[in-house]
**Q** 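Structure in structure tokens, see below.
Only this structure's heavy atoms are used, side chains among them; waters, hydrogens and symmetry mates stay out. Source: prediction; values computed, not measured. Residue numbering restarts at 1 for every chain, and letters A, B, ... go by the order of the sequence lines.
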Amino acid sequence: MKREACGSLRGKDAGRKVTLAGWVHRLRDLGSLTFVDLRDESGLVQLVFRELPQARKLSREDVIRVRGTVARREAPNPDLPTGEVEVVVDRLEVLSQTRPLPFSLEEEPPRASEETRLRYRYLDLRRPRMQRNLRLRHRTSMAIRDYLDRQGFIEVETPYLTRSTPEGARDFLVPSRLEPGKFYALPQSPQLFKQTLVISGVERYFQIVRCFRDEDLRADRQPEFTQLDLEMAFLEAPEELFALIEGLLAYVFRETIGVEFDTPFPRLSYDQALSRYGSDKPDLRFGLELVDVTKQFSASEMRLLREAVAAGGRVFALRVPGGAGFSRKELGELEGVAKTYGAKGLLWLARGEELRGPLAKFLPDPEPLWRATGAEPGDLLLLVADAFELAATALGQVRLELGRKLSLIPEGKWCPLWVVDFPLLEWSEEENRWSARHHPFTSPKAEDLPKLMDPSFPTERLGELRANAYDLVLNGVELGGGSIRIHRREVQQRMLEVLGIGPEEAEGRFGFFLRALEYGAPPHGGIALGLDRWVMMLAGEESLREVIAFPKTASGACPLTGAPAEVDPGQLAELGLEVKGD
RNA sequence: GGGGACGUGGUCUAGGCUGGACUAGGACACCGGAUUGUCACUCCGGAGAUCGCGGGUUCAAAUCCCGUCGUCCCCGCCA
């Protein structure tokens, strides 16, 4: 007889003979009467064993198959979809016995340590929440493919064994056996392949693809992660792409968790995002905006501020309504946040009965400051003075901390936006050169292109150039980013030159791509979205590991398989490798 | 590379500051027994840890100190 789904049985099935198979979810042994909740993918149903003593020997998570008759219950269980019925078993087969479980699958959140959960991931994944997350991820991928297919995109796979691309993160390397001493690199993203595909006439490409970066891990960062990678031909300005991605986001949120989005999404320039929210991925779910009060302090009697302004820095203020009563301890904690992000301190000014705070005696006339910030009696001002990005970022983190601390962040609110007009380049102190803020294939904005191409444009002013790049941000989380690409060989060449990559090096590392640009490359651009983070947000999880079936620990290890591991000396020899002791 | 938190039977945890009746307590799981309507079944009984590892201080260390390993979080890093 065919196996039926445990969770599908209802009152109307009463009297039917059924065969079920699944895991013993729970066992209630009353002597000559034993109840078992049987679980499969579809749900739970109660089994009744009368005069079947083998049932008393069962344990949780044993795998069994039973044959029996569906019967209406005398006392239905309203907490169970199948609660109106039970299955009176006449035949029991034990398909697989379990050892005692290493941890309980009952608790939510689980009480077992994450390491234990990962070591026995096959058990952990049986938990309803993890099953839900796996299925949510599946539905997300399905919705993405469905939407993009209907928009005329095709999914093309690109190599995992490839070569190192310039700049960016540390590569994972794979030694070549056929050419000892040479290495493949696992892709940090399929960047050059997708651009090459567009040049190949694939006008609308996408791929749900694994990417690899050998950097330190975080709660929202894994060494291998999945991107929705996408590229379009004849994209010269981002508008068309914005509309497409907004539609995609709206579709996926509707299909997976039933949330509706307003489109188009708001846009902020990088400068606005930083000046108003102290972040290039601002959380727009709450206000508490920063105010630039540099002008108010350009002639301050407080040397610290005056000098910061004189050195080209900025002073940002954050008004905390009703915050004048904050304790020294609370202020100290907030200062700790600012200092973590590089601020030298956090100045404060409480507008209470009297002015309090380190700034008070340097403010003969506070009125202009009240006007600039909107501070009212009872409010608190927090200030950071430093270089633009540092000051804004440090205070932006204080803003986020206050958002959490004061419970300003509403549940269930979704605030997407585009951040645009990023700097094209940023100065790398340690390497003493310009590096690409996005990546070396990003086009400058049309109006800045002449400056990039003009050899007489002063090098030190290259930081002024804006990129035709954009990030998609949702609730303070960077979901992804992309750009309009460079599609002209000479522009690409110049870009690489600015980055300190000379013609020979460029030729050696990706001459293939520069050549491709010479054979009819259409204007193009695209975006990559972090699928893991996306699903994490849909699932309401705090950690990426909750939406990845087999994730790595913070040290990059896999407790399930024991990876990474030493290998057989023979394998090393074949590869021409030798491990140096220390 | 740096900072912080944690590590006690299978699992989670109490104890640690103030070292000595800790012979390491509890809950869940496990084993044995009882049990005909349970649904976190219940009741009775039992076994199971020398406190991550190494060293030090001390008459005495789960407890204090140092080192180390592991896990988690953060800064740096992550185009």
Side-chain angles (χ1 to χ4, degrees), chain A residues 25-38 44-51 56-57 59-61 71 73-80 82-83 86 88 98-107 109-120 123-124 165-171 188-189 191-192 211-223 225 336-343 393-394 397 401 422-426 428-431 434-442 467 469 471 478 481-483 495 499 528 530 542-543 545 552-557 559:
Chain A
H25 189 67
R26 241 183 233 128
L27 192 71
R28 292 177 293 279
D29 173 21
L30 275 62
S32 56
L33 180 70
T34 300
F35 297 97
V36 165
D37 292 333
L38 186 67
L44 286 182
V45 70
Q46 173 166 285
L47 309 179
V48 196
F49 297 84
R50 278 188 244 270
E51 317 299 334
R56 304 178 62 185
K57 295 272 184 287
S59 303
R60 283 178 183 196
E61 301 304 317
R73 291 212 210 175
E74 293 166 22
N77 182 348
D79 298 332
L80 226 51
T82 60
E86 60 192 3
V88 183
T98 180
R99 294 175 58 171
L101 299 177
F103 63 95
S104 165
L105 275 37
E106 300 278 317
E107 284 96 5
R111 280 171 38 171
S113 71
E114 209 177 332
E115 198 184 357
T116 306
R117 291 174 53 206
L118 291 178
R119 178 167 302 124
Y120 298 94
L123 293 176
D124 188 46
T165 43
E167 305 222 314
R170 199 175 291 114
D171 286 314
Q188 296 177 26
S189 86
Q191 185 60 34
L192 290 180
C211 303
F212 306 86
R213 294 177 191 175
D214 188 8
E215 297 291 349
D216 288 359
L217 286 77
R218 287 292 163 76
D220 62 352
R221 254 162 45 193
Q222 285 272 307
F225 59 99
V337 172
K339 282 184 166 173
T340 298
Y341 290 87
T393 302
Q397 292 294 331
E401 176 62 25
F422 281 87
L424 182 67
L425 300 162
E426 62 190 354
S428 165
E429 285 297 341
E430 64 268 33
E431 292 177 84
W434 290 107
S435 66
R437 173 148 189 131
H438 185 56
H439 59 52
F441 312 103
T442 296
D471 276 0
E478 183 193 328
S483 62
M495 182 70 185
L499 296 174
E542 297 291 325
S543 167
R545 295 185 294 273
K552 307 271 188 293
T553 67
S555 58

**Q** Check whether any side-chain nitrogen or oxygen of Thr116(A) sits under 4.0 Å from OP1 or OP2 of C12(B), and answer yes or no.
**A**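 Yes, within the criterion.
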**Q** Going by modelled atom types, is there a donor-acceptor pair between the base of C77(B) and the side chain of Arg221(A) at under 3.5 Å?
**A**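 Flag set: donor-acceptor pair detected.
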**Q** Over how many whole Å does the gap from Lys552(A) atom NZ to C78(B) atom P extend?
**A** 21 Å
**Q** Has the side chain of Arg50(A) got a donor or acceptor that lies under 3.5 Å from a partner of the other kind on the base of G37(B)?
**A** yes
**Q** With rounding to the closest Å, how many angstrom separate the P atoms on G26(B) and A14(B)?
**A**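 So the two P atoms sit 15 Å from each other.
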**Q** Mind checking if Arg213(A) touches a base, just sugar-phosphate, or nothing, with heavy atoms under 4.0 Å?
**A** base
**Q** Just to be sure I understand the rule, does Gln46(A) reach a base, reach only the sugar-phosphate, or reach nothing, if contact means heavy atoms closer than 4.0 Å?
**A** base
**Q** Under 3.5 Å, is there an N or O donor on one side and an acceptor on the other linking the side chain of Asn77(A) and the base of C39(B)?
**A** yes
**Q** Base, sugar-phosphate, or nothing: which does Glu107(A) touch, judged by heavy atoms less than 4.0 Å apart?
**A** nothing
**Q** Please state whether the base of G37(B) and the side chain of Glu86(A) form at least one donor-acceptor pair under 3.5 Å?
**A** yes
**Q** At under 4.0 Å between heavy atoms, what does Pro440(A) touch on the DNA or RNA strands: base, sugar-phosphate, or nothing?
**A** base
**Q** Ignoring hydrogens and angles, are the base of U11(B) and the side chain of Arg117(A) linked by a donor-acceptor pair under 3.5 Å?
**A**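 For Arg117(A), whose side chain was compared with the base of U11(B), there is no donor-acceptor pair (under 3.5 Å).
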**Q** Within this structure, what is the CD-to-P distance between Glu106(A) and A40(B), rounded to whole angstrom?
**A**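 Going from CD in Glu106(A) over to P in A40(B) covers 10 Å.
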**Q** Give one of base, sugar-phosphate or nothing for Glu430(A), where a contact means two heavy atoms less than 4.0 Å apart.
**A**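 Touches nothing.
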**Q** Any stacking of Phe35(A) on U38(B), going by centres under 5.5 angstrom and planes within less than 30 degrees?
**A**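 It does: the ring sits over the base of U38(B).
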**Q** Over all strands shown, is Ala219(A) touching base, sugar-phosphate only, or nothing at heavy-atom distances under 4.0 angstrom?
**A**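 Sugar-phosphate, no base atom in range.
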**Q** Between Asp216(A) and Arg221(A), is the salt bridge (charged side-chain N to carboxylate O under 4.0 Å, His left out) condition met? List the steps.
**A** CA-CA 8 Å; Asp216(A) 288 359; Arg221(A) 254 162 45 193; over 6 Å; no
**Q** Has Ser104(A) got a side-chain N or O lying under 4.0 Å from the OP1 or OP2 atom of C12(B)?
**A** no
**Q** Just to verify, what does Asp171(A) make a side-chain hydrogen bond (donor to acceptor under 3.5 Å, both in side chains) with, not counting sequence neighbours?
**A** Ser164(A), Gln188(A)
**Q** Check if the side chain of Arg26(A) and the base of U38(B) share a donor-acceptor pair of N or O atoms closer than 3.5 Å.
**A** no
**Q** For Arg218(A) and C75(B), is the shortest distance between a side-chain N/O and OP1 or OP2 below 4.0 Å?
**A** yes
**Q** Does a side-chain N or O from Arg28(A) land closer than 4.0 Å to OP1 or OP2 of U38(B), or not?
**A**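 No, outside the criterion.
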**Q** Quick one: label Ser189(A) by what it contacts on the DNA or RNA (base, sugar-phosphate, nothing), any heavy atom closer than 4.0 Å.
**A**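 Base contact.
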**Q** At 4.0 Å (heavy atoms only), tell me whether Thr553(A) reaches a base, stays on the sugar-phosphate, or touches nothing.
**A**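 Sugar-phosphate, no base atom in range.
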**Q** Nearest 0.5 Å, what's the CZ-CG distance between Arg545(A) and Asp220(A)?
**A**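 Between atom CZ of Arg545(A) and atom CG of Asp220(A) there are 10.0 Å.
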**Q** Name the residue from Thr34(A), Leu33(A), Val36(A) that meets the side chain to side chain contact (heavy atoms under 4.5 Å, CB included) definition with Val48(A).
**A**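 With Val48(A) as partner, side chain to side chain contact (heavy atoms under 4.5 Å, CB included) holds for just one option, Leu33(A).
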**Q** Base, sugar-phosphate alone, or nothing: which one does Arg545(A) contact when heavy atoms must sit under 4.0 Å apart?
**A**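 The answer is sugar-phosphate, as Arg545(A) gets under 4.0 Å only of primed atoms, P, OP1 or OP2.
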**Q** Which part of the nucleic acid, if any, lies within reach of Tyr341(A) when heavy atoms closer than 4.0 Å are counted: base, sugar-phosphate only, or nothing?
**A**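 Counting heavy atoms under 4.0 Å across all strands, the contact made by Tyr341(A) is with sugar-phosphate only.
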**Q** Closest approach of Thr442(A) and Ser483(A), non-hydrogen atoms and distance?
**A** OG1-OG, 3.2 Å
**Q** If you compare every side-chain N and O of Ser113(A) against the phosphate oxygens of C6(B) (OP1, OP2), does one of them come in below 4.0 Å?
**A** no
